[in-house]
Protein chains: 2
Amino acid sequence: MPYRKVSEQPRRAGRPRDAARESAILEAVDAVLAERGYEGLTYEEVARRAGASKATLYRRWATKREMVVAALRAGPARAPDAGPVDTGSLRGDLLALCRRLLATMRAADGRTALLLLQAGLEDPELCDAIEEAVGPTGSRLPASVVDAAVRRGELPAGADPFPFEEVVGSVLLLRRLNGLAADDDYLHALVDTVLVPALRATADGAPRPPAGIFSGHPAPDTHPREGDS
Amino acid sequence: MPYRKVSEQPRRAGRPRDAARESAILEAVDAVLAERGYEGLTYEEVARRAGASKATLYRRWATKREMVVAALRAGPARAPDAGPVDTGSLRGDLLALCRRLLATMRAADGRTALLLLQAGLEDPELCDAIEEAVGPTGSRLPASVVDAAVRRGELPAGADPFPFEEVVGSVLLLRRLNGLAADDDYLHALVDTVLVPALRATADGAPRPPAGIFSGHPAPDTHPREGDS
DNA sequence: CACTTTTCGATACGGCACGTTTCGTATCCT
DNA sequence: AGGATACGAAACGTGCCGTATCGAAAAGTG
């Protein structure tokens, strides 16, 4: 197989790969991904935009998936994943987390977020690769936030992050997918009328298995590959 | 344009359309839709399964969208939309509504629900057509349920259905899309730790504009059609 | 500096799947 | 009967895939 990872170091003689080509291609992948989606992405189109030859692409990545994963890994879609959140109030923290998640989705934008679903859904491997490449979806509720809220008396001890983790990612993603606005007013409503009351009530509920938006496929056979006949 | 709606009655001469062909085709559309999704649906494949000629399809529907909409309209995907819900408790009502919504998604199954997003997202017209064809998404919280709960003292007067309408549809749909289970345990957790507490807290929050999952595109230009260059 | 190795863009090929149209035949209405 | 329409089969063009080949360029190697 003529495809070698770029990072391999055996230092063969000959003309080295052009890093500029590589990044140009990956940028093109992001662009095409954004407007055509995963299914609609073709080697042909990527090569066209990058001003590169298809051979150059195939020399690097044997499959579309590899190429896309590489682009996601290198692309601007990385989660900001800034430091811990502590605004002094639970409301503030939750708002900040929501905003951060929105920013992540926006960064992974051009509907890359959509791609996550559209493609990952059909292709568990790609799904995992995406999650690994793009980082955690950011829909987790950090323990530090819960702890701080408990310390302040805003939450009962043993509060369960389930409502946050389960709701926020889904709602914001779906909202984004449908082109519905998720402005500050909306976030406030979500935090005040859903998240905070729900979190307050979780002390007695049994803890739920948290589930990422993209990870955690429990039913491996839920993802059919090819049809019957 | 040689395409005429089947229902037109002007009684033209010539061989009439074969209703059996029609339903066979629409069934095939449903099937293909279920396993290949909207993007993956082709005239070719539908014709193959229906044992029909592609010309026969084209004679009826000029575009894929028309065909799909026809299939949805005729298909078994209609929402059950049973009568009003009244189980005697708010919890019970909410659970019942969730189950009903799940049933709708399952009825429109084979990931037809997915199709709703995957395609509707890119195509507002299709989106509207779907919503019109398949009926309301069922993620509304009937006023009767709220009223009953208020009467029982389970909710404060003026409770806002926002948490339910905004959360349930998104969460269940996304869960379904990702192949994550939404069993009864899960629904109980959702109802008890999210919905009920959130609904209880909505008396003072300003009412939010309700938004269906599929309808209500506020930004018409959020839906790009063709590329640039 | 010559020589080798590898990359690069361009281009071409066979193959396949699809969309769309054409054609001969079958079927039904008037 | 005659005209009009529906039907299935097949043809045509297009776009993409995956691969291969070419000449030129760019680096290391002796």
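By convention in this document, chain letters (A, B, ...) are assigned in the order of the sequence lines, proteins followed by strands, and residues within each chain are numbered from 1. Below, all heavy atoms of this structure are taken into account, side chains as well, without hydrogens, waters or symmetry copies.
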Tell me every residue that passes side chain to side chain contact (heavy atoms under 4.5 Å, CB included) with B:Ala31, counting only those two or more places apart in sequence or in another chain.
B:Arg49
Do side-chain atoms of B:Glu66 reach the backbone of B:Trp61 as a donor and acceptor pair under 3.5 angstrom?
no
For D:dA9, does OP1 or OP2 lie under 4.0 Å from any side-chain N or O of B:Arg48?
no
Closer than 4.0 angstrom, basic N to acidic O: yes or no for B:Lys54 and B:Glu44?
yes
N/O to N/O distances under 3.5 Å, protein versus nucleotides 25-27 of chain D:
from: D:dA25; atom 1: N3; to: A:Arg15; atom 2: NH1; distance (Å): 3.2

When the distance from CE of A:Met67 to P of D:dC16 is rounded to whole Å, what number comes out?
13 Å
Ignoring hydrogens and geometry, is there a side-chain-to-backbone donor-acceptor pair from A:Thr193 to A:Leu190 under 3.5 Å?
no
Can you tell me how far P of D:dT19 sits from CD of A:Glu44, to the nearest Å?
14 Å
Atom-pair distance (CZ on A:Arg65; P on D:dG18), nearest Å:
13 Å
For A:Ser144, all residues meeting side chain to side chain contact (heavy atoms under 4.5 Å, CB included), sequence neighbours excluded:
A:Pro142
Would you find a donor on one side and an acceptor on the other, under 3.5 Å apart, between the side chain of B:Arg21 and the backbone of B:Ala50?
yes
Who passes side-chain hydrogen bond (donor to acceptor under 3.5 Å, both in side chains) against B:Arg48, sequence neighbours left out?
B:Glu45
Could you go through B:Leu102 and B:Leu187, starting from their C-alpha distance and side-chain angles, then the distance that decides it, and tell me whether this counts as side chain to side chain contact (heavy atoms under 4.5 Å, CB included)?
CA-CA 10 Å; B:Leu102 272 180; B:Leu187 290 186; 3.8 Å; yes
From CH2 of B:Trp61 across to C1' of C:dG19 the rounded distance in Å is 16 Å
Pairs under 3.5 angstrom, nitrogen or oxygen only, protein versus nucleotides 9-16 of chain C, please.
from: C:dG9; atom 1: OP1; to: A:Arg21; atom 2: NE; distance (Å): 3.4
from: C:dG9; atom 1: OP1; to: A:Arg21; atom 2: NH1; distance (Å): 3.0
from: C:dG9; atom 1: OP2; to: A:Thr56; atom 2: OG1; distance (Å): 2.7
from: C:dA10; atom 1: N7; to: A:Ser53; atom 2: OG; distance (Å): 3.0

How close or far is atom C1' of C:dC8 from atom CZ of A:Arg17, stated in whole angstroms?
11 Å
Salt bridge (Lys or Arg N to Asp or Glu O under 4.0 Å) partners of B:Asp18, counting only residues at least two apart:
none
Does OP1 or OP2 of C:dA17 have a side-chain N or O of B:Thr42 closer than 4.0 Å?
no
Specify the separation, in whole Å, of atom CD of B:Glu39 and atom P of C:dG19.
11 Å
Pairwise 5' ranking along DNA chain D for A:Leu41 and B:Asp18, keeping only the more 5' one
B:Asp18
Quickly work out the B:Glu22 CD to D:dG8 P distance and round it to whole Å.
12 Å
